[in-house]
Amino acid sequence: MGTEMSNKVKSLVLALAFCGGNYSAAVAATSDPKETGANSQEIPTQILKTGVSLDTTAISPNSMQLSNTIGLTPVLERIQTLRQNNLQDIAVRQDLIEAKQEASFLIQKANLDIDFTVAAIMTEREVYQEILSTFISDRDKKVARINAISFISNGVLWTVNSALAIGSINTTYARNPKKCVNLTIPSGIVGIAAGIVPSVASMYTLKAVNGAKKTSEVEPNMLAKLFGYKTNPEIEYPKSVWSFLNQSPANEKTGKTRLDLIIDRWVSDSNMSEFTDRHSKKQLDVLTASVAQKKGLTINSLTARSVMLQQLQAEVLKMKRMLLELNMVAQGEKQLVAQSNDLPRLR
């Protein structure tokens with residue numbers, strides 16, 4: 001009963017809004033709930049920054065954090081200590097070689113963890129891009145057909161209207177005025193139709209421009225775990241990557257994790273109109289492809305998925321910038337000391 005009453009209220013608000021010419025209010029009355037600041041950022045910027053600089057001898061705080069996460073810090077400390085000893089000593093040189101090999105192994109493992117994650121994301125993006133291309137192609141063809149029908153029907157109807165008008169004046173008026181009136185009425189009717197048909201077609205075009213709406217699939221993607229949905233081995237994150245996403249960036253004053261900052265940005269991004277509330281089950285069911293939703297698979301939802309996955313991939317790849325800096329420490333090009341100066345806010 002409550003749902004039925006709610007739907008009636010929505011319908012009434014929608015009707016009043018349209019009658020008043022306030023389309024925005026009508027849309028707002030029927031749209032999903034939004035977080036404060038949702039879709040408010042028109043020109044997006046980078047989400048996270050690593051603070052890595054190749055011109056300093058010290059490493060960035062974020063690189064130091066990653067080093068601790070993957071268990072590399074003790075190895076790098078041992079390398080730096082061995083370098084301070086007598087390198088002419090065969091035993092010292094052998095220990096240094098072994099320590100550098102261990103560091104290389106840990107860095108390579110973290111690199112493979114990143115590649116594993118990125119490979120899964122790219123595979124999903126390719127699938128969504130293929131579906132999206134089909135949806136857009138079908139949409140464009142449908143809009144083209146509607147426009148063609150509109151132009152052709154408009155031309156034909158106005159041609160008939162003009163023919164009736166000419167025929168009424170030139171051939172019948174002098175001989176039979178009554179017959180002229182009879183032709184003028186059909187001419188007016190055809191003229192009205194010539195105006196109505198394109199208008200109706202234009203309204204239908206506005207609807208068709210959104211593309212097809214199909215039931216969303218149940219094939220959880222790499223976004224699923226980010227929002228607490230069930231996963232499977234194909235979309236699981238390696239430990240190092242998952243830890244990286246769930247840590248607060250160095251010098252982050254709000255204490256939010258990287259994952260929180262990424263989701264904040266997605267919500268605020270005006271280019272993703274399908275994602276306005278991180279707590280909306282309806283939106284997340286579609287975006288994570290975890291639960292089927294009727295009319296959930298659309299051009300907009302596929303675009304949002306693709307953009308979110310692409311940005312997630314970019315943020316994960318930033319780990320490689322930090323790994324390069326850590327590798328420079330292993331090679332003696334940098335020191336395992338975090339920069340003392342505060343970095344710009346990492347958002």
Side-chain angles (χ1 to χ4, degrees), residues 45-118 237-265 311-347:
T45 57
Q46 285 193 47
I47 303 175
L48 303 174
K49 293 184 180 179
T50 63
V52 172
S53 173
L54 300 180
D55 297 328
T56 61
T57 56
I59 64 174
S60 73
N62 283 303
S63 296
M64 189 70 195
Q65 183 187 64
L66 181 59
S67 179
N68 293 332
T69 299
I70 64 177
L72 182 61
T73 302
V75 181
L76 294 179
E77 289 175 342
R78 188 162 81 249
I79 290 175
Q80 289 189 163
T81 300
L82 288 169
R83 281 207 177 94
Q84 294 172 2
N85 295 334
N86 183 11
L87 294 181
Q88 301 301 319
D89 189 316
I90 296 178
V92 173
R93 289 207 305 270
Q94 184 61 34
D95 287 345
L96 180 59
I97 291 172
E98 291 177 359
K100 290 175 70 174
Q101 288 176 340
E102 186 177 356
S104 178
F105 169 78
L106 291 173
I107 292 172
Q108 179 64 12
K109 183 181 181 302
N111 253 317
L112 291 175
D113 287 347
I114 297 168
D115 291 340
F116 179 90
T117 305
V118 170
Y237 286 78
K239 184 178 179 179
S240 63
V241 176
W242 188 242
S243 296
F244 171 79
L245 291 173
N246 283 277
Q247 290 172 338
S248 177
N251 299 342
E252 173 55 42
K253 296 180 181 179
T254 65
K256 291 184 176 182
T257 65
R258 291 183 177 90
L259 181 54
D260 290 332
L261 295 172
I262 291 170
I263 295 175
D264 284 348
R265 161 58 190 287
Q311 291 181 353
L312 176 62
Q313 175 184 327
E315 298 309 321
V316 171
L317 281 172
K318 287 178 182 177
M319 291 176 68
K320 287 181 175 284
R321 294 176 62 88
M322 304 176 205
L323 290 177
L324 172 61
E325 196 169 42
L326 295 175
N327 186 66
M328 293 174 73
V329 174
Q331 301 303 320
E333 300 173 26
K334 278 180 173 280
Q335 296 295 313
L336 192 64
V337 179
Q339 298 169 13
S340 58
N341 58 308
D342 289 339
L343 295 172
R345 192 175 181 185
L346 303 176
R347 294 191 67 176

> When rounded to the nearest 0.5 angstrom, what is the spacing between CD in E315 and CZ in F244?
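It is 7.5 Å, given to the nearest 0.5 Å.
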> Output the distance between atom CD (E325) and atom CD1 (I107), rounded to the nearest 0.5 Å.
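Reported to 0.5 Å precision, the distance equals 11.0 Å.
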> Kindly determine whether L54 and R321 satisfy side chain to side chain contact (heavy atoms under 4.5 Å, CB included), including the steps that lead there.
CA-CA 10 Å; L54 300 180; R321 294 176 62 88; over 6 Å; no
> Please collect all ring-ring contact (aromatic ring centres under 6.0 Å, His included) contacts where either partner lies in residues 83-116, sequence neighbours excluded, each pair once.
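For residues 83-116, and leaving out neighbouring residues, there are no ring-ring contact (aromatic ring centres under 6.0 Å, His included) pairs at all.
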> Determine whether a donor-acceptor pair (N or O, by modelled atom type, separation under 3.5 Å) exists between the side chain of S104 and the backbone of K100.
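No, the answer is negative, given that no donor and acceptor are paired below the 3.5 Å cut-off.
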> Consider side-chain contact (heavy atoms from CB on, under 4.5 Å). Of L48, I47, I263, which one does R258 pass it with?
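Result: among L48, I47, I263, L48 is the only option passing the side-chain contact (heavy atoms from CB on, under 4.5 Å) with R258.
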> Going from OG1 on T50 to CG on N62, what distance comes out if it is rounded to the nearest 0.5 angstrom?
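Reported value, rounded in 0.5 Å steps: 7.0 Å.
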> How many angstroms lie between CG in L326 and CE in M64, if you round to the nearest 0.5 Å?
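Output value for this atom pair is 9.0 Å.
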> Hey, what do you get for CG (L96) to OG1 (T81), rounding to the nearest 0.5 Å?
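It is 10.5 Å, given to the nearest 0.5 Å.
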> Who pairs with A330 by side chain to side chain contact (heavy atoms under 4.5 Å, CB included), at least two apart in sequence or on another chain?
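Partners of A330 under the side chain to side chain contact (heavy atoms under 4.5 Å, CB included) test: L76, I79, A103.
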> Would you say the side chains of T257 and N246 form a donor-acceptor pair under 3.5 Å?
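Not at all, the side chains of T257 and N246 share no donor-acceptor pair under 3.5 Å.
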> Counting only heavy atoms not in K320, do more than 12 sit closer than 6.0 Å to its NZ atom?
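Yes, enclosed.
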> Give me each pair satisfying side chain to side chain donor-acceptor pair (under 3.5 Å) with a member in residues 86-96, each pair once, sequence neighbours excluded.
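Qualifying pairs, neighbours excluded: Q94-E98.
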> Could you tell me the separation between the OG atom of S243 and the CG atom of N68, rounded to the nearest 0.5 Å?
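If I round to the nearest 0.5 Å, the distance is 12.0 Å.
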> I'd like to know if the side chain of Q65 reaches the main chain of S248, judged simply by a donor and an acceptor atom lying under 3.5 Å from each other, with no hydrogens or angles considered.
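A pair under 3.5 Å: yes.
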> Examine the side chains of K334 and S63 and answer whether a donor and an acceptor come within less than 3.5 Å of each other.
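Result is no, nothing qualifies.
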> Please find the pair of heavy atoms, one from G51 and one from S60, that lie closest to each other, and give the distance.
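Heavy atoms only, the tightest pair is O-CB, 3.3 Å.
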> Show the numbers, then the answer: is there a side chain to side chain contact (heavy atoms under 4.5 Å, CB included) between L323 and L66?
CA-CA 8 Å; L323 290 177; L66 181 59; 3.9 Å; yes
> Are a donor atom and an acceptor atom from the side chains of S67 and T73 found within less than 3.5 Å of each other?
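Yes, T73 and S67 have a side-chain donor paired with an acceptor closer than 3.5 Å.
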> Would you sort out whether E77 and L336 count as a side chain to side chain contact (heavy atoms under 4.5 Å, CB included), showing the intermediate values?
CA-CA 7 Å; E77 289 175 342; L336 192 64; 3.5 Å; yes
